[in-house]
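Sequential numbering from 1 along the given sequence is applied to the chain's residues.
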Amino acid sequence: MGNGLDGDSLLRKVRLILGAFGTGAPVLGLSELARRTGLAKTTVHRVATEMVGVGLLNRHGRRYELGSLLFELGQRVPRTRALRLIAARYLEDLALTTRETVVLSFPGDQDVLFVEKYFSQRGGGVAVTQVEGRVPFHCGASGKTLLAFGDPAIRERVMASPLRRRTPWTITEPARLEAELDQTRRQGYAIDRQELVVGYGAVAAPVFARGVAVATFTVTGPIDRLDVPRLAPVVTAAGRAVTRDFESVND
């Protein structure tokens with residue numbers, strides 16, 4: 001290529017730059033992008049300039065943000081689009097039934113992604129608005145569900161990495177997390193008791209595609225009204241219903 005970067009190297013650098021952005025960092029300068037990616041500032045500038053040219057990034061002066069092309073492309077991913085459409089009506093039903101906030105989550109490369117939220121009147125959306133749109137897999141009910149039932153490669157990667165603490169109740173010991181995942185597999189759902197947000201808990205159940213969890217339904221609310229025996233059956237039923245509907249359109 002004319003810029004001296006081979007194809008694989010350029011794609012790797014593009015991936016690093018895209019991954020540097022998060023809900024808590026929607027706009028980044030050149031120095032911060034270099035720090036987060038580990039790339040030289042000259043390299044970041046060269047690659048980011050090309051990304052602006054094709055719509056992957058927007059530039060405002062010396063700062064960058066993700067481009068709208070990424071959103072457009074994301075909407076075209078068949079599995080993601082189908083799942084979100086199918087899950088939409090169940091999100092509303094689940095929020096009305098439980099009277100709590102309900103979240104649809106997908107597994108990302110490094111984190112759990114909160115892609116849809118339905119705020120009930122009583123839930124108010126407080127719990128999920130206190131966290132970013134992406135959280136570590138080992139924190140909370142959604143992540144534990146995806147680790148227990150999802151792609152084994154993700155589980156191996158998480159277990160091999162430091163389990164960083166988000167609250168005093170976050171699980172940071174691999175052996176304890178493995179025990180939690182075993183329990184999640186036995187009962188069919190995961191429970192979060194203040195592991196992600198102090199004062200809040202959650203119950204999550206998987207949505208499957210070909211036997212592997214590709215999403216979760218999570219009901220979250222204040223810890224003092226986390227009624228697991230009441231919530232678990234309706235959350236798992238919603239997960240089974242979406243699994244059934246999703247697999248029926250993919251047969």
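Judged purely by distance below 3.5 Å, without hydrogens or angles, the side chains of S31 and K41 pair a donor atom with an acceptor atom. Side-chain N/O atoms of T170 and R165 include no donor and acceptor closer than 3.5 Å. Defined by atom type and a distance below 3.5 Å, a donor-acceptor pair is missing between the side-chain atoms of T216 and T145.
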Next item on the list: Decide yes or no on salt bridge (charged side-chain N to carboxylate O under 4.0 Å, His left out) for E65 and R59, but give the supporting numbers first.
Entry: CA-CA 6 Å; E65 66 180 8; R59 181 167 53 204; over 6 Å; no
Check: After noting the C-alpha distance and the side-chain angles of T218 and S142, does the key distance pass the side chain to side chain donor-acceptor pair (under 3.5 Å) rule?
Finding: CA-CA 6 Å; T218 304; S142 298; 2.5 Å; yes
Notebook entry, point to check: Would V135 and D111 satisfy side-chain contact (heavy atoms from CB on, under 4.5 Å), going step by step from the backbone distance to the final call?
Noted result: CA-CA 5 Å; V135 298; D111 300 299; 5.9 Å; no
Next item on the list: Could you give me the CA-CA distance, side-chain angles and deciding distance for L177 and K144, then say whether side-chain contact (heavy atoms from CB on, under 4.5 Å) is met?
Entry: CA-CA 8 Å; L177 181 56; K144 288 191 291 186; 4.2 Å; yes
Check: Going through the distances and angles, do L196 and T167 end up as a side-chain contact (heavy atoms from CB on, under 4.5 Å)?
Finding: CA-CA 6 Å; L196 182 58; T167 78; 5.7 Å; no
Check: Going through the checks in order, is the salt bridge (charged side-chain N to carboxylate O under 4.0 Å, His left out) test met by D245 and R89?
Finding: CA-CA 12 Å; D245 292 355; R89 65 180 182 275; 2.8 Å; yes
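For R63 (side chain) and V27 (main-chain N/O), a donor-acceptor pair under 3.5 Å exists by modelled atom type.
In terms of heavy-atom proximity, L226 sits nearest to G201 at CD1-C, 3.8 Å. The shortest heavy-atom contact between E116 and L91 is CB-CD1, 3.6 Å. Taking every heavy atom of both residues into account, Y118 and A95 meet most closely at CD2-CB, 3.2 Å.
Classification of the Y90-F217 ring pair by plane angle, with boundaries at 30° and 60°, yields tilted.
Within the 4.5 Å cutoff, no side-chain heavy atoms of V102 are placed close to those of K117. Contact check for I223 versus Y200: no side-chain heavy atoms found under the 4.5 Å cut-off. Within the 4.5 Å cutoff, side-chain heavy atoms of V219 are placed close to those of L94.
Under a 4.0 Å N-O distance rule, the pair R225/E100 qualifies as a salt bridge. One finds a salt bridge joining E32 and R36 here, because a Lys/Arg side-chain nitrogen approaches an Asp/Glu carboxylate oxygen to under 4.0 Å.
The local environment of CZ in R193 is sparse, with at most 12 non-hydrogen atoms from other residues, nucleotides or ligands closer than 6.0 Å.
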